[in-house]
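The next block holds one structure in the form of structure tokens; read it before the comments.
Throughout, a chain's letter reflects where its sequence line sits, starting with A, and its residues are numbered from 1.
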Amino acid sequence: MPTAEAEAEWDAFEARLKFSTLLGSLSASVAAAQKAARFLMVNKHCGEDLFEVALEWLEKDDMNLRIKIWGIWEELSEMAMREQHVDYINRIRDNIQHFMDNICPPERPIAANIRIVRKGVERMHKLGLFSNTRAKELDEMLKHRTSSSQNPDLDAVEAAHKQDPGEEAHDMKHRWPNAFGDNKPSGAKRPTDKKQIEQRIEEDRERHKRLKESIWQIGNGEHEESDKMWEECSDIDEGDLMAAEDETSEMLGISIDELRRRFPAQTPVAAV
Amino acid sequence: MASSSRANSMKAPPKDDRSWTDHRDHESTSKHSSRKSKRRRSIEFQSKYGSRAEEVERVARDHRPDLEGRSRRRSRSRQSRGDHHLDSRQGRELRRESDIPNREGHSEREEYLYRHHGRPSDRTNEPEDRAYREYYQEGRGYKSVERNPYPPPNQYDEFYDYHHRSEHHQNYHNSKKDLRRGSFNHRNHKSEHSRRQPSPGRQHRHQRDELKNSQARDELEPSNRSLSPDTSLEPSAADKLTKSSRRSSKQKSRTLRHLKARKAAQDFFRQLSTSPSRENTEPSGAQSPSRPVKSADDQSSRNSSPKRSEPESSNVSLHEEKISGMNTANHGPRRGPGSIDTRQPYAAHPSQYGTPTHSHHGSPHSASSYGRPGWGGSYYAQQQHSVNAYSPHRQHSYPGPQHGDQHYYQNSHYYAQGQQGYHGPPYHAQSNGHGYPEDRRFSGSQTSPIDSNNAIIQSSNNNQNQAQVSMPSQPGSKNPSAAADDDNPFRPPKSLRAEDEGPVSITANDSAIEQSSNTSTTGVSKVSFAFKAKHAGPNPKPVPDLSQKMKETKKENIMENDKQKAPVGAPTAPIANREPPREPRRREPPHEPYRDPYGRTRDERYYDPYDRDRHERQYDERYRDERYYNQEYRGDPRDYYDGPRDYRRDAREHRNMRPGWHGEKPDYRDERFDERRHPEYDRRREGDKAPRHKQEHKHRSEHKPDHKHEVIIVKKKMTRTLPRPKLSEEHTQSTSVYFRKPGNESVIGAGTYGKVFKAVHVYTKEEVALKKIRMEGERDGFPVTAVREVKLLQSLHHPNIVRLLEVMVENNDCYMVFEYASHDLTGLLFHPNFVLTAAHKKHLIKQLFEGLDYLHRRGVLHRDIKAANILVSNRGELKLADFGLARFYKKHKVQDYTNRVITIWYRPPELLLGETQYGVAVDVWSAACVMMEVFTKHAIFPGDGHEINQLEKIYNILGTPTLEEWPGMKDLAWYDFLRPTAKKSNVFLDKFRERLTPQACQLMQALFVYDPKKRPIAEYVLKHPYFTTEEPAPAQAVELYDLKGDWHEFESKQLRRKKEQRDKDTRVRQAQDEHKRKAAALEPQSETGPEVKKARPNTKMDTEAETAAVPG
């Protein structure tokens, strides 16, 4: 969808269609999520319809899509909070549980997803979307799911494997954690799973870029930058000394061994 | 007292301290200066010459309007040729720029012509031109950004004319070297001369007649004269001086003392003048121990007896000393005690010093700081005399004698400034106190008057052990140093300096005179010992001391002989002006012109037309005037060494300046540093010196019959042009300095980054690999990955890391120029007719981990280690290459990095499972994969390119990881999707036991550990018994040297492709045969079938098999 379309206001029906297309072609990048969120904001006159569409898509059996839609909620909540659009804010508040259940189904928790959702919830909480208690409550819920997901079923697999060694291939197919959909039998889903996993991996990398963006972010605090620098600056270490040695030897045109011999006191590089 | 102070000085920081810091300072200075060349240049001029410099510039430009234009044009044309070569090291690049001949070809040629064929008198414009050129030579060295010292080969002829004449060559080189050495002195010196010696035009004319080579000077002079007499900075300094109350209070008494001392000094100098060489001898000897020791006795006696109570003794046999030169051994001790002594008197007789408390000079600390030229010295100096705010470099750079006296201090200060680290104390300190065999660097500076003066001072101190009388500076004297000092990046602001400088105006000679006051009884009002100006000239070359000595001898003789003759044409600072921009090693003391005992300035003495010996002297003076053009000079092997060295040291050629990590000898062609102290050079030079030595003797004997006579045959040296190197036909045709065969013939690699070509430097014949940075599809301009790679490689220097020679832009393409390696590991493993032995393999693997260890210590993750990225030179040196994915990582902080790194076959499980906070362990895993490949020739985990399959591959061999062995696994992002679903056991041993030695097996198993935290780092890997104890010991694959042809993955791939095609054909044929046979005779099976199958690359088979086995 061209940007112009995403930015323009549409009537309810058209907006619904456009939004569907938008979600269908959603990528994992931040830009895509922002675009969708902006579309929602621009067409807030039919916000209810669009929200419905989003919820519908969330129901679809595609975990990758769900996570991407979760990205839209994150962006949307930020935009809505900025513009104090009460309607969306309330909708997100009301539906947060629903989102979470969709993305991190309690019966098949996926640690990676839970991590994403927890991060998102934290972000929304920082925006002021949730009260402290609510945020804590949601976090607890997610934490619980996380811990439950940490029991690897490998032992079970092993047990099954021992019971029926001949069934290994079959067993493996069955036991492969079916993270991408709940309705169909897992065996049938394997090929798609593989693709989805790869897609997920790529999308995670895409999302990871956003995470890296924040590495460089510095707050407005007066000393924040220097503090950050101070914190990140390590003590002088072997590598620094080596670099110094290296440069010195180059400057002097002597070998490093020679340098060490001549300047024993100055080269406190730990003996290898 | 004496002993204690001696002990003190002995305790002074180890030489290492000094030289370490000084080198650093010095280097940084030079870098600094070269980087900021433009800005600095202007500043220099302004500060040095004051407004005059600007005017001169303007005048020159007016006269020669086309000069600039021409140069501009030229540089433009260069640009259009797209021949810019960016040196990979920026600092070096800029330095090299100054190496690059900075004259325009045209004027160059002209110069050459008239230098060798006489100057055409009709060229009226020339004078200005030359004056301008020479005046700004230095500046232009910086200014003209010509990066490619070589022309494209197709313009080689033209190039050759200018560059392969050795005279020019050396001229460039010397001047350039001077540039590098911190160029202020010379210019300052010159300007000084011109300033204080506004010689009449008649003299100029005369001089012109006398010396063709000094024309530039002459031309320059008028322009100088036409300008307002400068002293631009002097007023301010004087101002400051008056303002400084402390100082002024002491001024008077000091003045008196000064005058007295002066008389005494003059007297002393008189005495000395009978044996003129003495002054030179001492300093130069002290500084360049390399000179042949002729009269070791004399020297040793002097050295051994720090207190020479007899002034005569110092005068005695000066020539011999001079000639003999001193060896370091003698000097080392001498200097030390000398400094002590000087300090001691001060302490002992503080009253003698007029102003002991006077600002900085009076303090004993400052004195001690001199005694310890190293850190301590500067430190003290700063502490004590914060007013001065001297940069430590300057301060401690004065190694010489300590003078409690202000003037000495000033003098030394001045000296230090002039030195700016290059000629500075570190060297002195080393050569003197620490017995470095020799410091050739000094050769130039030895001639410098300051040095000699200091030495004299020192010696006098030694002799009399008395305090020097401090004298106030001559009020009228200008203090060019103030102006010149602005060059010094470390120079404190003028406001801080002023105090020192105001009074400083005493020349080094003055101070020397003062020093000698004790010995002297009678004095001429002005005695000048002109040993400096000439040396102050740009005399960077190693030999000058000797030449200087000769000159001195002559001079003195002349003085004696022609006492009453009227000074003829005293063009100001003849030599200094000759090559104005060249930097003198030492700054000449900023003060009045020196007068010899007969009241003549040095220059006057030089140009005495009645001097019968003139011609000979001229001969001698080649070091001043013609040394760069004189063939003789060229003939001197030492000079040879210097001249061509610089030439070679150009951006095109990449010597390994960097010594090997394990002590390989670096390429010592860069003369700037210690190499001269190297015993080898020492030895060599001594041999070289013989002839010069003889010459000296001859001169001496001519003029000083009372000395030993030696019959000498002076060899006349012929000018002979070197045989002109021939370029091969294809090289001549090459448009680039790096010639590569046309078409795809030169391609040795290709990848997403672009292509890699093999090329050869047409002039040096050095083989290089050109990595063409692909710019297509780069929306954001120059790819940041390439920038990252360049940056990383520039900071990495290790024998096992590929060396980036330079970055070159040519025809709108950017190339990274690497050292060439004939093989890469993949290619080598599949080499058709070379099989690595176990020892070779071990050595390669060892090198791999050594390189890795280095990277990791330096905080670099390679992130793309694979066999194809590992190069092997034809000497069996392994080099890690392709740093396109490498990055610095934070050793002490967990940080997120992208996990889409490392070719997937070599990617460790943690990355495959989505880890973003990884560290060096990822490289270790990759290296382990490479190691396996070395043993088995095939990748151990050849997946299908997707994470899932890759993990399966790993699980299949190493078994599935358990949470016990890898607890962190469950926290990985994709653990839920990619975790093992069925338990598999480790079959590594079963699979590879036969192919690996036991220790190798053990090492491999240690490396292939799932948990990255448990994976050993490269450093520990190298300590594994596999490398240390197990037989066979690693052996370098030097046999590769005899191997013809190159073998990279590229070639081996091609070969494999061919082979596969062939196999396929055979298979098809065999299948057909079989079919026929079956059809015909029902034969059971063809024998060749399975064999053919085996011949297929294992990797492919495995891949197919495993892919098929993947569930789903």
Which atoms form the tightest heavy-atom contact between A:N113 and B:F977, and what is the distance?
-> OD1-CZ, 4.4 Å
Do you know the tightest heavy-atom contact between A:R115 and B:D971?
->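 Between these two residues, the closest heavy atoms are NH2-O, 3.0 Å.
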Engaged part of B:L972 at the chain A interface, taking heavy atoms whose separation is under 4.5 Å =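 The backbone, not the side chain.
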Can you check whether B:Y854 reaches A:M242 side chain to side chain, under 4.5 Å on heavy atoms?
->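 Counting from C-beta outward, B:Y854 and A:M242 do come under 4.5 Å.
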Determine whether A:E202 and B:R900 make a side-chain contact, defined as any pair of heavy atoms from C-beta on separated by less than 4.5 Å.
-> yes
Taken to the nearest 0.5 Å, the spacing of A:K209 NZ from B:T898 OG1 works out to 7.5 Å
Carefully, step by step, assess A:I201 and B:N899 under the rule side-chain contact (heavy atoms from CB on, under 4.5 Å).
-> CA-CA 10 Å; A:I201 287 173; B:N899 58 32; 5.7 Å; no
SB check B:R857 A:E245 (cutoff 4.0 Å) | no
Salt bridge check: are B:R858 and A:D246 linked by an N-O gap of less than 4.0 Å?
-> yes
Donor-acceptor contact below 3.5 Å, side chain A:R200 vs main chain B:W974 | no
Within the supplied structure, the quantity of interest is the number of heavy atoms (other residues, nucleotides, ligands) at a distance under 6.0 Å from [X] [atom1]; does it exceed 12?
X      : atom1 : answer
A:Q97  : CD    : yes
B:F888 : CZ    : yes
B:K891 : NZ    : yes

Report the residues that fulfil side chain to side chain donor-acceptor pair (under 3.5 Å) with A:W70, sequence neighbours left out, ordered by chain and then residue number.
-> A:E74
